[in-house]
Amino acid sequence: GDVELALRAERNAFSAALTIEFFNRNGFVPLAAAAPQTSRIRLGTGIANSFTRAPLLLASAAMDIDELSGGRMILGLGSATRRMNEDWYGVPFSRPAARTRELVALLRTAFAAQRGGGFKFDGEFWKLNVPAFSRPHAARAEVPIWIAAVNRGMARAAGACADALIGHPIATRRWHREVTLGCIAEGER
């Protein structure tokens, strides 16, 4: 299973083991199982759906696995398609690039608050008021966030706010050279 694959990847000097998430697979649970069994390899969602969980649940899941793994978690997020969001999960889908940028800002706000206190977040899509928030056993101050992108808007969003971009198997090397790299740079600016 997933734990054995993570162990094999670690033994073979891979730098990270990423899980998938689909309507019949949770991306976080296998990482929680692999964390205590591994010691070096980074563990991440490759990818978890950005909009089917409340943002604070995404942040908490990432921080839980970061604690369990001693600071090896990568939070890989993707918007998925309209059909997946609406038909599979029953959640509305609109403006994924703008929502992704705001979600990453909200997650970083939660990560920053884990040393104690609370936080408020007043965005266009999410408004949170968390009066008490702490993670006394946090492994590190922030979990890296990678964003999945194929189209231009999401590639620009990844360049603007993420630590890395996760490509999709349908995107060719030519697409990445000619489109993705320029969009990432545009987003960074």
Side-chain angles (χ1 to χ4, degrees), residues 15-19 21 26-29 31-32 35 42-80 85 91-168 180-181 183-189:
S15 65
L18 305 177
T19 59
E21 185 162 86
N26 182 296
F28 292 98
V29 173
L31 299 177
R42 292 179 298 163
L43 303 169
T45 51
I47 58 175
N49 192 297
S50 298
F51 308 133
T52 58
R53 292 177 182 88
L56 203 51
L57 290 177
L58 283 171
S60 295
M63 289 184 280
D64 284 345
I65 295 167
D66 205 49
E67 285 180 25
L68 290 170
S69 68
R72 295 181 286 127
M73 175 64 184
I74 299 163
L75 180 58
L77 296 171
S79 65
N85 279 269
V91 297
F93 185 79
S94 67
R95 300 178 54 211
R99 287 175 68 201
T100 295
R101 286 181 189 221
E102 184 172 306
L103 176 61
V104 171
L106 195 163
L107 293 170
R108 293 196 195 284
T109 298
F111 296 155
Q114 69 183 334
R115 296 295 180 201
F119 70 91
K120 289 185 180 185
F121 187 88
D122 187 18
E124 178 183 354
F125 303 100
W126 292 281
K127 296 178 186 331
L128 278 71
N129 181 7
V130 184
F133 189 82
S134 68
R135 304 280 304 199
H137 305 291
R140 55 190 167 160
E142 187 170 306
V143 174
I145 300 172
W146 294 3
I147 298 297
V150 176
N151 68 41
R152 288 172 172 86
M154 287 300 291
R156 281 191 291 272
C161 66
D163 297 303
L165 180 139
I166 300 174
H168 192 285
T180 305
L181 291 175
C183 290
I184 291 170
E186 187 179 326
E188 288 176 328
R189 286 191 296 275

Any donor-acceptor N/O pair, N85 side chain to S79 backbone, under 3.5 Å: yes
Any side-chain heavy-atom pair of F125 and L106 under 4.5 Å: no
From I147 atom CD1 to I166 atom CD1, the distance as rounded to the nearest 0.5 Å: 7.5 Å
Counterpart residues, side-chain hydrogen bond (donor to acceptor under 3.5 Å, both in side chains), relative to R101 (two or more places apart): none
Distance (rounded to the nearest 0.5 Å) between L107 CG and W126 CH2: 8.5 Å
Validation row: T19, F28 side chains within 4.5 angstrom (heavy atoms): no
Nearest atoms (heavy-atom pairs only) where M63 meets Q114: SD-OE1, 3.0 Å
Interatomic distance, L58 atom CG to I145 atom CD1 [nearest 0.5 angstrom]: 9.5 Å
All pairs passing salt bridge (charged side-chain N to carboxylate O under 4.0 Å, His left out) where residues 126-135 contributes a residue, at least two apart: D64-R135, E67-R135, D122-K127
Table please: side-chain donor-acceptor pairs of residues 43-55 below 3.5 Å, with sequence neighbours left out.
{"residue": "T45", "atom": "OG1", "partner": "G76", "partner atom": "N", "Å": "2.8"}
{"residue": "T45", "atom": "OG1", "partner": "G76", "partner atom": "O", "Å": "2.7"}
{"residue": "N49", "atom": "OD1", "partner": "F51", "partner atom": "N", "Å": "2.9"}
{"residue": "N49", "atom": "OD1", "partner": "T52", "partner atom": "N", "Å": "3.4"}
{"residue": "S50", "atom": "OG", "partner": "G78", "partner atom": "N", "Å": "3.3"}
{"residue": "S50", "atom": "OG", "partner": "G78", "partner atom": "O", "Å": "3.1"}
{"residue": "R53", "atom": "NH1", "partner": "E21", "partner atom": "OE1", "Å": "3.0"}
{"residue": "R53", "atom": "NH1", "partner": "E21", "partner atom": "OE2", "Å": "3.4"}
{"residue": "R53", "atom": "NH2", "partner": "E21", "partner atom": "OE2", "Å": "2.6"}

Residue pair A17 / L31: nearest heavy atoms and the distance that separates them: O-CD2, 4.2 Å
With sequence neighbours excluded, residues passing salt bridge (Lys or Arg N to Asp or Glu O under 4.0 Å) with R115: none
Nearest-0.5 Å distance, OG of residue S60 to CG of residue D66: 12.5 Å
Flag, side chain of S69 to backbone of A35, donor-acceptor distance under 3.5 Å: no
Side-chain donor-acceptor contacts of residues 150-158 below 3.5 Å, not counting sequence neighbours, with atom names and distances?
{"residue": "N151", "atom": "OD1", "partner": "G153", "partner atom": "N", "Å": "3.1"}
{"residue": "N151", "atom": "OD1", "partner": "M154", "partner atom": "N", "Å": "2.8"}

With E142 via salt bridge (Lys or Arg N to Asp or Glu O under 4.0 Å) - residues at least two apart: R108
Heavy-atom pair of closest approach, residues A59 and A110: CB-CB, 4.0 Å
Distance in Å, N129 CG paired with F121 CZ, rounded so as to fall on 0.5 Å steps: 13.0 Å
